[in-house]
Engineer: 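Mind looking over this structure? Questions follow.
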Amino acid sequence: MNGNSCEEHIRILQNNPSPLQTKHMPGNKYNCNPSTPRSRLERLLRERELRKNRSFQQLNEGELEFSGSDSFSNDGENWGTVDEEEFLEKPRTFSDSNERQEGRPSKQRLLVVANRLPVSAVRRSVDSWQLEISVGGLVSALLGVKEFDARWIGWAGVNVSDDIGQKTLTKSLAEKRCIPVFLDEEIVQQYYNGYCNNILWPLFHYLGLPQEDRLATTRSFQSQFDAYKKANQLFADVVNDIYQEGDVVWCHDYHLMFLPQCLKRYNGNMKVGWFLHTPFPSSEIHRTLPSRSELLTSVLAADLVGFHTYDYARHFVSACTRILGFEGTPEGVENQGKLTRVAAFPIGIDSDRFIRALELPQVQDHIKELKERFAGRKVMLGVDRLDMIKGIPQKILAFEKYLEENPNWRDKVVLLQIAVPTRTDVSEYQKLTSQVHEIVGRINGRFGTLTAVPIHHLDRSLDFHALCALYAVTDVALVTSLRDGMNLVSYEFVACQASKKGVLILSEFAGAAQSLGAGAILVNPWNITEVAASIGYALNMPADEREKRHQLNFMHVTSHTSQEWAATFVSELNDTIVEAQLRTCQIPPSLPIRDAVDSYFQSSNRLIILGFNSTLTVPRDSMGRRGAQIREMELKLHPDLKEPLKKLCDDQLTTIVVLSGSGRSVLDDNFGEYNMWLAAENGMFLRLTTGEWMTTMPEHLNMDWVDSVKHVFEYFTERTPRSHFELRETSLVWNYKYADIEFGRLQARDMLQHLWSGPISNAAVDVVQGGRSVEVRAVGVSKGAAIDRILGEIVHHKGMKAPIDYVLCIGHFLQKDEDVYTFFEPELPFEPPPPIPRAKVADAVRASKSQFSPGKSGTKVARFRKQRSLSAIERGVTNNLTTGGWWPTARDRMALHEGSSVLDLKGDHYFSCAVAKKRSNARYLLGSSSAVVALLKDLGEYSVSS
């Protein structure tokens with residue numbers, strides 16, 4: 001059934017190419033066309049070549065010749081200005097008549113959502129606005145991406161409370177491809193200045209959370225978080241209003257971590273990507289955040305999550321694994337079949353702009369002036385925001401140490417430090433400014449002369465041309481960030497060093513260190529001695545080594561541009577959607593509730609098979625945190641199920657079976673009051689609640705392996721905190737659900753190696769691995785192997801006169817136990833087991849006569865009964881008759897295949913449902929045990945009414 005729907009979906013994808021399979025996304029692995037890329041890597045490589053070809057054609061047509069975009073830094077190091085005419089130009093689209101005539105497809109719309117728009121609005125009058133370009137990196141990155149029609153969504157940086165102002169500003173911004181989100185002053189104060197800048201930004205840069213010294217502070221944190229969620233919802237409302245099918249929504253930075261989830265609530269098919277421009281801290285840092293789980297879950301609603309470096313991506317996956325308990329894979333984060341791709345996309349700069357700027361007359365004049373000003377001295381340069389994470393005091397102290405240890409260099413080297421003031425109204429930044437000024441003054445007073453000082457410190461930014469000139473004359477660039485998302489000052493320096501071949505000293509804590517580490521000198525900025533030594537090495541580096549280092553960095557900077565970064569991310573996002581659609585074909589659809597209830601009502605002999613754990617229990621925390629371990633280990637029936645179960649059990653036309661891996665006492669405690677069948681330990685023990693327990697196990701089943709396996713489980717339980725094991729009559733289960741997830745997996749792997757090499761190497765056992773458990777059970781013990789015998793016993797006990805014409809099977813089963821779903825599937829023809837001598841069979845099994853007259857239904861069952869794996873009893877009969885082994889005793893009171901012979905199912909009268917488990921052999925899905933409650937309530941009402 002699922003396979004047919006998947007094939008149909010693939011045919012639709014092939015015959016009716018959607019935006020996912022246009023020129024941007026060339027095909028998928030199910031295409032029969034041999035020229036179509038079959039893997040994700042092949043598709044992305046082909047897309048990369050297509051982008052290069054398009055760029056070359058556009059360059060020949062003059063499309064890429066634009067004069068100067070913004071100098072970019074993701075952390076706000078913005079020095080230049082954007083060409084306003086370039087940015088404000090109304091975009092050309094392929095919907096124009098001349099291009100439509102050429103038969104080109106429409107451009108894909110790209111909705112870029114960021115906290116701030118690339119323009120700032122200044123109100124001139126009631127209905128008049130002046131728009132000023134805000135210098136920012138996304139402008140630079142997306143100006144060169146010509147294959148998308150980009151729209152910008154964000155806050156304009158001004159409070160507009162009146163309707164006239166909002167309407168006129170919206171109209172003015174629309175001409176610039178911008179859509180405003182209106183935030184009032186209270187929201188801005190709580191959301192932006194509060195939660196974003198006071199909570200998230202320090203935490204993501206390893207500065208920790210603010211100390212809570214008053215209860216009022218705690219309340220303030222909560223109000224800031226509420227404002228953060230409200231602001232994200234306002235962004236989502238605006239995006240949803242302008243969204244068109246096929247659009248790509250690209251959310252940016254820590255200001256909008258809730259946005260992906262808000263957008264998916266509006267439209268689950270919306271293509272959503274999220275990119276973080278700061279570091280993402282290790283899970284040990286992130287777990288201190290009170291709202292840690294909510295933020296991670298919200299981000300995971302996106303289809304693609306991007307970071308600057310692999311380290312940040314690894315930290316994010318680790319946080320999702322440790323905090324949420326989800327599965328981390330090489331592709332990203334997976335939760336019950338839903339995969340969120342997580343990848344690194346190192347951003348770059350518009351290197352051509354810097355290279356071209358060096359040829360401009362005004363830049364050449366600046367270069368000449370600087371060379372004359374610092375003639376005879378080596379120039380060292382630092383360009384930073386005046387911020388705690390930039391390591392400016394550490395940089396200056398290292399320079400002081402170098403001058404102290406090398407007196408002959410005191411009049412031969414100068415450090416130019418550009419420190420752009422930020423957040424000047426915050427006391428911590430004011431203190432930092434005073435500290436830097438004090439250090440600079442002390443060093444200049446100690447090593448300076450009447451005519452020269454070793455440090456030139458500027459508390460302001462430079463214009464773009466002056467900055468390029470400064471980069472060009474620099475001998476050593478010094479970047480000592482204590483923690484930085486990327487830091488593109490290092491990229492800008494390299495782009496301007498074609499003639500000088502200067503040396504880059506780069507902090508290993510900057511994201512750029514992973515990209516430029518081959519050519520730069522990497523340092524730990526906290527180690528002042530190391531940085532000082534690196535300054536000496538850089539100043540005395542031979543010319544040939546400088547040349548080689550520069551070439552390595554220059555090649556990376558010129559090939560990994562900001563435009564390539566943006567195009568690659570959107571291309572990966574489109575491909576991720578293709579992969580997700582193909583993966584969805586393998587996921588069962590949701591249960592059609594109405595069909596299941598209607599078929600139930602129309603049938604006359606119904607069988608309902610229910611799992612217990614995670615099916616009839618209360619939904620629980622996936623990680624068992626906050627002291628829930630003791631409570632969750634004690635399985636309890638969902639309180640809302642007591643009445644529906646009673647109604648169903650009282651229905652004479654309905655038979656209820658609870659089929660569980662739990663022990664007999666657990667089922668007795670929860671279901672003893674109902675008139676139903678209980679099958680404990682995967683069906684090895686069976687009883688009607690009004691009768692006694694009976695066993696379906698072979699009498700002489702070898703269980704000698706139990707003690708040795710128990711010793712192994714005890715050993716690993718002692719050495720794995722918060723793990724536990726359960727000793728059952730036919731199996732042992734070691735569970736590490738509540739332990740540290742990564743340590744638990746390592747211990748489970750070690751345990752399996754130990755088991756296979758020793759205690760169970762020659763034992764007749766099966767090892768079943770769950771999500772966070774290891775179970776060792778006797779061979780042949782599974783729910784599917786037991787269901788035939790259970791049905792036989794039920795038929796024998798009830799003396800059924802009519803075949804079972806409706807089966808509903810619901811559970812959250814291990815993969816090995818999902819054979820219970822396929823047991824009832826009628827598609828595959830039945831292949832009988834090898835023949836057994838009649839005399840032996842007579843001795844081994846007491847055959848029961850069929851109580852059903854031969855007819856149409858009986859032949860249908862015989863014709864369509866499928867092949868199943870032999871149960872333990874069947875294997876015992878066939879394998880041990882000649883060796884004097886065990887066989888079923890008379891008290892089993894059932895014949896082989898007696899259970900399946902009573903079924904007369906039509907395809908639409910069988911419903912198998914996996915609960916909260918998307919990778920399943922079941923036909924359908926139910927989201928949680930709450931959905932099971934709702935379904936059984938509906939069935940119970942039908943039972944009463946009938």
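Predicted model, so just to flag it, every value in this text is computed and none were measured.
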Engineer: Judged by atom type as modelled, is there a donor-acceptor pair below 3.5 Å linking the side chain of Lys338 to the main-chain atoms of Leu300?
Structural biologist: yes

Engineer: Grab the two heavy atoms, one from Ser773 and one from Val733, that are nearest each other, plus how far apart they are.
Structural biologist: CB-CG1, 4.4 Å

Engineer: Answer yes or no: is there an ion pair linking Lys646 with Asp650, defined by an N-O contact shorter than 4.0 Å?
Structural biologist: yes

Engineer: Could you pull out the closest heavy-atom pair between Pro644 and Lys937, with the gap in Å?
Structural biologist: CG-CG, 3.4 Å

Engineer: Going by the salt bridge (charged side-chain N to carboxylate O under 4.0 Å, His left out) test, which pairs reach into residues 668-678, not counting sequence neighbours?
Structural biologist: Asp668-Arg687

Engineer: To the nearest 0.5 angstrom, please state how far the CD1 atom of Ile608 sits from the CG atom of Leu659.
Structural biologist: 14.0 Å

Engineer: Considering residues, nucleotides and ligands other than Lys264, do more than 12 of their heavy atoms fall under 6.0 Å from its NZ?
Structural biologist: yes

Engineer: Residues two or more places apart in sequence or in another chain: which of them pass ring-ring contact (aromatic ring centres under 6.0 Å, His included) with Phe725?
Structural biologist: none

Engineer: Checking Asn921 against Thr822: is there a side-chain donor and acceptor pair closer than 3.5 Å?
Structural biologist: no

Engineer: Is the shortest heavy-atom distance from the side chain of Val706 to the side chain of Leu727 under 4.5 Å?
Structural biologist: yes

Engineer: Distance from Arg745 atom CZ to Tyr736 atom OH, nearest 0.5 Å?
Structural biologist: 6.5 Å

Engineer: If you take all heavy atoms of Thr689 and Phe671, which pair is closest and at what distance?
Structural biologist: CG2-O, 3.5 Å

Engineer: State the CG-CG distance between Leu635 and Leu667, to the nearest 0.5 angstrom.
Structural biologist: 9.0 Å

Engineer: Nearest 0.5 angstrom please: Thr690 OG1 to Trp677 CH2, how far?
Structural biologist: 8.0 Å

Engineer: Just verifying a value: how many Å separate His909 NE2 and Asp595 CG, rounded to the nearest 0.5 Å?
Structural biologist: 10.0 Å

Engineer: Which pairs would a plain distance check flag for residues 925-934, meaning a side-chain donor or acceptor within less than 3.5 Å of a matching protein atom at least two apart in sequence or in another chain?
Structural biologist:
| residue | atom | partner | partner atom | Å |
| --- | --- | --- | --- | --- |
| Ser928 | OG | Ser930 | N | 3.2 |
| Ser929 | OG | Thr617 | O | 2.8 |

Engineer: With Val915, which of Leu591, Leu610, Leu616, Thr615 fulfils side-chain contact (heavy atoms from CB on, under 4.5 Å)?
Structural biologist: Thr615

Engineer: Checking Thr654 side chain against Leu648 main chain: does a donor-acceptor pair fall under 3.5 Å?
Structural biologist: no

Engineer: Checking side-chain polar atoms at under 3.5 Å, does Glu818 have a donor or acceptor matched by the opposite partner on Ser920?
Structural biologist: yes

Engineer: Mind checking whether Thr730 and Arg777 have side chains closer than 4.5 Å, heavy atoms only?
Structural biologist: no

Engineer: Does Pro639 reach the side chain of Val618, with side-chain heavy atoms less than 4.5 Å apart?
Structural biologist: yes

Engineer: One pair to check against side-chain contact (heavy atoms from CB on, under 4.5 Å): Asn613 and His812. What are the steps and the verdict?
Structural biologist: CA-CA 7 Å; Asn613 193 1; His812 182 88; over 6 Å; no

Engineer: To the nearest 0.5 angstrom, please state how far the CD atom of Glu775 sits from the NZ atom of Lys816.
Structural biologist: 9.5 Å

Engineer: Mind running side-chain contact (heavy atoms from CB on, under 4.5 Å) on Arg789 and Glu793 for me, showing each step along the way?
Structural biologist: CA-CA 6 Å; Arg789 305 191 295 276; Glu793 181 62 31; over 6 Å; no

Engineer: Output yes when a side-chain donor or acceptor of Ser603 lies under 3.5 Å from a complementary backbone atom of Tyr600, and no otherwise.
Structural biologist: yes

Engineer: Can you classify the ring geometry of Phe824 versus Tyr910 as parallel (below 30°), tilted (30 to 60°) or perpendicular (above 60°)?
Structural biologist: tilted

Engineer: Does one side chain, of Glu334 or Thr329, offer a donor that lies under 3.5 Å from an acceptor on the other?
Structural biologist: no

Engineer: Mind telling me whether Phe685 and Trp693 have parallel, tilted or perpendicular rings, with 30° and 60° as the class edges?
Structural biologist: perpendicular

Engineer: Please report the C-alpha distance between Gln815 and Gln769 in whole Å, then the side-chain angles of each, then the deciding distance to 0.1 Å, and finally whether the side-chain contact (heavy atoms from CB on, under 4.5 Å) criterion is met.
Structural biologist: CA-CA 9 Å; Gln815 192 66 35; Gln769 296 185 59; over 6 Å; no

